[in-house]
Amino acid sequence: MKKASFFIVLGLAVLLLFGCVGGGGPLGGVSTKPVDTWFVELLKKGTDKFSPSNYFYIEIKVNATNDGYDAKAVDEEGEELQGIEVTFDFDKDKVKELKIKKGSEYEYILTGEFHDGDSNPEDLMFGKYTNSKDSNDKGVWFAVRENSSYLTGVLTGEGDSLEELETVIKGLIETTTGEKSVEIDLSELMK
């Protein structure tokens, strides 16, 4: 009986270690939280407000070996955009680096955090960015899932999604940068 109990406990320990039960273990692979297509918007600070400076649709998937991520820039239909290199590194709700590079034009390096929403579509990522090709090009960025009600409401013109998204991003900018009375303008998303 003692041998049977030992092997049951050992078996459960192995299953937990490899993430087969209990929601993943230390060897169970990377988080699937960021897996999706994201609308990524860069906001550059002007004289009196943060305004959009560039945007991308980025598709993130867990790689084949389950130890990292494959990421790529896509168009609104999900087709891969050629000439843009994307890498993504994420761990414990931290965006360690999202790099978006297009030849000698730009190399955006984004870092930040993943923020859980009430439901998956309301999740967002937020942080700071720099452009290694232009030291004056820096600011903050946010990303919302392509199917987020924030984004679909903005694109369809329904509801107060733009104002809600501006309020959320404004709060994150104030908390992150320490700036008060932040002004942002996301109206370009409506174009």
Side-chain angles (χ1 to χ4, degrees), residues 30-46 49-63 68-91 93-117 120-157 161-162 164-166 168-170 172-173 176-177 182 184-191:
V30 296
S31 172
T32 58
K33 282 183 179 183
V35 171
D36 214 332
T37 300
W38 295 82
F39 174 78
V40 178
E41 180 81 53
L42 307 181
L43 301 171
K44 188 173 179 181
K45 186 175 182 188
K49 64 186 166 202
F50 286 86
S51 298
S53 67
N54 210 338
Y55 73 91
F56 305 89
Y57 285 93
I58 303 295
E59 181 183 289
I60 300 169
K61 294 182 177 179
V62 173
N63 67 18
Y69 299 92
D70 291 328
K72 62 184 177 181
V74 296
D75 63 19
E76 292 178 15
E77 284 77 42
E79 296 296 320
E80 184 172 6
L81 296 175
Q82 299 303 313
I84 300 177
E85 299 172 41
V86 180
T87 58
F88 182 72
D89 189 8
F90 179 85
D91 187 37
D93 289 346
K94 302 282 186 204
V95 179
K96 295 170 75 176
E97 182 177 86
L98 170 57
K99 186 186 291 186
I100 306 168
K101 180 180 180 182
K102 184 175 183 182
S104 62
E105 289 183 47
Y106 54 75
E107 182 179 59
Y108 295 116
I109 300 169
L110 291 64
T111 59
E113 294 192 28
F114 179 90
H115 298 268
D116 289 309
N120 246 11
E122 304 310 328
D123 293 342
L124 65 94
M125 293 186 271
F126 176 84
K128 295 182 180 181
Y129 83 89
T130 58
N131 180 356
S132 69
K133 307 286 184 186
D134 178 358
S135 61
N136 293 320
D137 189 2
K138 56 187 171 185
V140 297
W141 66 279
F142 70 90
V144 292
R145 293 181 192 274
E146 184 181 37
N147 62 347
S148 165
S149 67
Y150 291 136
L151 190 58
T152 56
V154 168
L155 296 176
T156 61
S161 295
L162 184 62
E164 290 173 18
L165 184 56
E166 284 181 344
V168 170
I169 301 304
K170 183 177 170 180
L172 289 169
I173 292 172
T176 304
T177 65
V182 170
I184 63 170
D185 180 10
L186 299 182
S187 59
E188 289 186 28
L189 290 178
M190 299 297 288
K191 296 178 182 178

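Quick note: numbers below take in every heavy atom, side chains included, and nothing from hydrogens, waters or symmetry partners. Nothing here was measured: the structure is a model prediction, and the numbers come from that model.
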Enter the distance from Asp75:CG to Leu81:CG here, rounded to the nearest 0.5 Å.
5.5 Å
Taking every non-hydrogen atom, the tightest pair across Thr111 and Glu97:
CG2-CA, 4.5 Å
Atom OH of Tyr129 and atom OG of Ser53: how far apart are they, to the nearest 0.5 Å?
3.5 Å
Taking Lys128's backbone N and O only, do any of them form a donor-acceptor pair with Trp141's side chain (distance below 3.5 Å, no angle check)?
yes
Counting only heavy atoms not in Lys61, do more than 12 sit closer than 6.0 Å to its NZ atom?
no
What's the separation between atom CD1 in Ile58 and atom CD1 in Ile100, rounded to the nearest 0.5 Å?
4.0 Å
Closest contact, heavy atoms only, Ile84 versus Ala73
CG2-CB, 3.8 Å
For Val30 versus Tyr69, what's the shortest heavy-atom pair and its separation?
CB-OH, 3.6 Å
Taking atom CE of Met125 and atom CG of Leu110, what is their separation to the nearest 0.5 Å?
9.5 Å
To the nearest 0.5 Å, what is the distance between CD1 on Ile169 and CD on Glu41?
9.5 Å
Just by modelled atom types, is the Trp38 backbone N or O under 3.5 Å from a matching donor or acceptor in the Asp36 side chain?
no
Could you point out which residue of Phe142, Phe88, Tyr106 forms a ring-ring contact (aromatic ring centres under 6.0 Å, His included) with Phe56?
Tyr106
Less than 4.5 Å apart, side chain to side chain, heavy atoms only: is that true for Ser51 and Leu43?
no
Measure the CD1-OG1 distance between Ile60 and Thr37 for me, rounded to the nearest 0.5 Å.
8.5 Å
So which heavy atom on Ser132 is nearest to which on Ile109, and how close?
CB-CD1, 4.5 Å
Is atom NZ of Lys96 surrounded by more than 12 heavy atoms (other residues, nucleotides or ligands) closer than 6.0 Å?
no
Between Ser31 and Val62, what is the shortest heavy-atom contact and its length?
O-CG2, 4.2 Å
Taking every non-hydrogen atom, the tightest pair across Glu146 and Glu76
OE2-O, 3.7 Å
Okay, side chain of Asn131, backbone of Glu107: is any donor-acceptor separation there less than 3.5 Å?
yes
On the 0 to 90° scale, with breaks at 30° and 60°, tag the Tyr57-Tyr55 ring pair as parallel, tilted or perpendicular.
perpendicular
With distance as the sole criterion, is a donor-acceptor pair present between the side chains of Tyr108 and Asn54 under 3.5 Å?
yes
As a test of understanding, state which of Val86, Val74, Asp70 forms a side chain to side chain contact (heavy atoms under 4.5 Å, CB included) with Glu59.
Val74
Is there a donor-acceptor contact under 3.5 Å from the side chain of Arg145 to the main chain of Pro34?
no
Val168 vs Leu124, side-chain contact (heavy atoms from CB on, under 4.5 Å): CA-CA, chis, key distance, verdict
CA-CA 10 Å; Val168 170; Leu124 65 94; 3.6 Å; yes
